[in-house]
Amino acid sequence: DDGSEMFMLEAGYVSRLELGVYFREYVFAKSMFKKSHPFAAQDGSYCLFVLNYYFGAITCCCLARKTTTKRRKHIQKARALLHKLKRLTKIRGRNSWHRCLVIEAVLMSAKQKNHRETVQKQIRRVMTAFDLAIDSARQSGYPQDVGLASQLAADFLLEAGDDKSM
């Protein structure tokens with residue numbers, strides 16, 4: 001029937017979005033997010049909502065880290081998706097709370113340098129957020145999110161070594 005076809009289509013886009021993030025192909029991930037996001041306005045699967053918001057927000061944050069021209073737009077979109085995920089997590093159960101923490105850490109890593117803080121202080125603050133997210137994902141039993149958060153933290157550290165990124 002039409003409903004199952006729509007579900008399969010949405011699941012396909014969300015799966016590709018997820019793969020785009022795992023392979024650091026954020027432009028591709030963004031295109032899959034745009035295709036999958038209209039489904040999120042309909043009554044759909046809780047799991048697909050969570051994954052759409054989670055990987056969509058990570059995509060926006062990582063694109064924000066790579067650009068200066070659309071940084072604000074990407075960060076605003078990531079914050080909006082984080083808000084939706086938090087609301088969904090509060091209503092439907094806290095089994096995705098660790099994902100909110102991952103997004104918060106990636107958001108922190110995407111923000112521009114705060115001139116009132118030293119670079120080392122900023123790095124410690126962001127890494128503390130990543131450590132919290134990684135520990136939470138581990139305690140929740142999501143090794144794939146532990147791995148992804150660790151990868152994103154490593155990417156941040158590599159970029160932070162380049163003065164132009166912070």
Side-chain angles (χ1 to χ4, degrees), residues 10 13-22 24-68 70-114 122-142 144-157 159-160 165-166:
E10 178 187 12
Y13 288 138
V14 171
S15 295
R16 290 180 189 105
L17 164 62
E18 187 174 354
L19 288 171
V21 170
Y22 284 134
R24 296 181 179 104
E25 294 292 335
Y26 300 115
V27 173
F28 172 77
K30 180 182 176 184
S31 70
M32 292 299 105
F33 175 75
K34 284 182 176 181
K35 289 182 178 185
S36 69
H37 198 62
F39 294 103
Q42 303 169 7
D43 290 333
S45 164
Y46 167 76
C47 293
L48 292 179
F49 284 146
V50 167
L51 296 175
N52 188 296
Y53 298 155
Y54 179 55
F55 289 106
I58 290 172
T59 297
C60 291
C61 291
C62 291
L63 288 171
R65 285 195 338 209
K66 304 280 183 217
T67 185
T68 54
K70 294 184 180 180
R71 180 185 305 260
R72 178 173 284 161
K73 178 182 168 190
H74 291 306
I75 288 175
Q76 286 174 341
K77 183 66 175 175
R79 282 187 181 138
L81 291 169
L82 173 60
H83 177 73
K84 288 180 180 183
L85 182 57
K86 281 183 175 181
R87 193 173 69 234
L88 189 61
T89 300
K90 287 178 184 173
I91 294 169
R92 301 284 296 267
R94 297 184 59 85
N95 63 332
S96 287
W97 186 251
H98 69 280
R99 291 184 175 119
C100 296
L101 297 175
V102 172
I103 295 168
E104 287 175 349
V106 182
L107 260 170
M108 289 173 75
S109 75
K111 292 181 181 173
Q112 287 191 316
K113 182 178 177 181
N114 180 341
Q122 288 180 29
I123 291 172
R124 276 195 303 272
R125 186 171 44 80
V126 171
M127 290 310 298
T128 298
F130 272 116
D131 289 342
L132 178 66
I134 291 166
D135 288 343
S136 179
R138 184 177 294 114
Q139 290 172 4
S140 297
Y142 288 88
Q144 70 276 18
D145 292 331
V146 171
L148 178 58
S150 298
Q151 170 188 315
L152 293 166
D155 290 347
F156 166 72
L157 285 174
E159 291 172 15
S165 68
M166 290 277 308

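Below, each value reflects all heavy atoms present in this structure, side chains not excepted, and no hydrogens, waters or symmetry copies. Because the structure is a prediction, the values reported are computed rather than measured.
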Notebook entry, point to check: To the nearest 0.5 Å, what is the distance between CZ (Phe130) and CE (Met108)?
Noted result: 9.0 Å
Next item on the list: List the atom of Arg65, the atom of Phe156, and the distance in Å for their closest heavy-atom pair.
Entry: NH2-N, 3.7 Å
Check: Any idea which heavy atoms bring Leu17 and Asn52 closest together, and the distance?
Finding: CD2-O, 4.0 Å
Note to self: On a heavy-atom basis, which atom in Leu107 and which in Ala78 lie closest, and how many Å separate them?
What the structure shows: CD2-CB, 4.0 Å
Check: Rounded to the nearest 0.5 Å, how far does CG of Leu51 lie from CD of Glu18?
Finding: 5.5 Å
Notebook entry, point to check: Quick one: ring pair (Phe, Tyr, Trp, His ring centres under 6.0 Å) partners of Tyr22, sequence neighbours excluded?
Noted result: Phe55
Margin query: Tell me every residue that passes ring pair (Phe, Tyr, Trp, His ring centres under 6.0 Å) with Tyr13, counting only those two or more places apart in sequence or in another chain.
Written below: none
Check: Closest heavy-atom contact between Leu152 and Cys62?
Finding: CD2-SG, 3.7 Å
Note to self: I'd like to know if the side chain of Ser109 and the backbone of Val106 have a donor-acceptor N/O pair within less than 3.5 Å.
What the structure shows: yes
Check: Does Arg92 make a cation-pi contact with Phe49 (under 6.0 Å, within 45 degrees of the axis)?
Finding: no
Check: Do Leu157 and Met127 have side chains that get closer than 4.5 Å, going by heavy atoms?
Finding: yes
Notebook entry, point to check: Is there a side-chain contact between Phe28 and Leu19 (heavy atoms, below 4.5 Å)?
Noted result: no
Notebook entry, point to check: Do Gln76 and Arg72 come close enough that some side-chain heavy atom pair is under 4.5 Å?
Noted result: yes
Item checked: Lys77: side-chain hydrogen bond (donor to acceptor under 3.5 Å, both in side chains) partners, not counting sequence neighbours -> none
Margin query: Applying side-chain contact (heavy atoms from CB on, under 4.5 Å) to Gln151 and Leu148, what does each step give before you reach the verdict?
Written below: CA-CA 5 Å; Gln151 170 188 315; Leu148 178 58; 4.3 Å; yes
Notebook entry, point to check: Does a side-chain heavy-atom distance below 4.5 Å link Tyr46 with Asn95?
Noted result: yes
Margin query: With side-chain contact (heavy atoms from CB on, under 4.5 Å) as the criterion, how do Glu25 and Arg16 come out once you've worked through the C-alpha distance, each side chain's angles and the decisive distance to 0.1 Å?
Written below: CA-CA 10 Å; Glu25 294 292 335; Arg16 290 180 189 105; over 6 Å; no
Item checked: Gap between atom CH2 of Trp97 and atom CG of Leu85 - 0.5 Å precision -> 8.5 Å
Margin query: How long is the straight-line distance from CE of Met32 back to OG of Ser15, given to the nearest 0.5 Å?
Written below: 11.0 Å
Note to self: Quick one: does any side-chain atom of Thr67 pair with a main-chain N or O of Ala64 as donor and acceptor, under 3.5 Å?
What the structure shows: no
Margin query: To the closest 0.5 Å, what do you measure between NZ (Lys66) and CZ (Arg71)?
Written below: 11.0 Å
Next item on the list: Give the minimum heavy-atom separation between Leu82 and Glu104, together with the two atoms involved.
Entry: CD2-CG, 3.6 Å
Next item on the list: Starting from the C-alpha separation in whole Å, work towards a yes-or-no answer on side-chain contact (heavy atoms from CB on, under 4.5 Å) for Val102 and Tyr54.
Entry: CA-CA 9 Å; Val102 172; Tyr54 179 55; 3.7 Å; yes
Note to self: How long is the straight-line distance from CD1 of Ile103 back to NE2 of His98, given to the nearest 0.5 Å?
What the structure shows: 10.0 Å
Next item on the list: List the atom of Tyr26, the atom of Thr59, and the distance in Å for their closest heavy-atom pair.
Entry: O-CG2, 3.5 Å
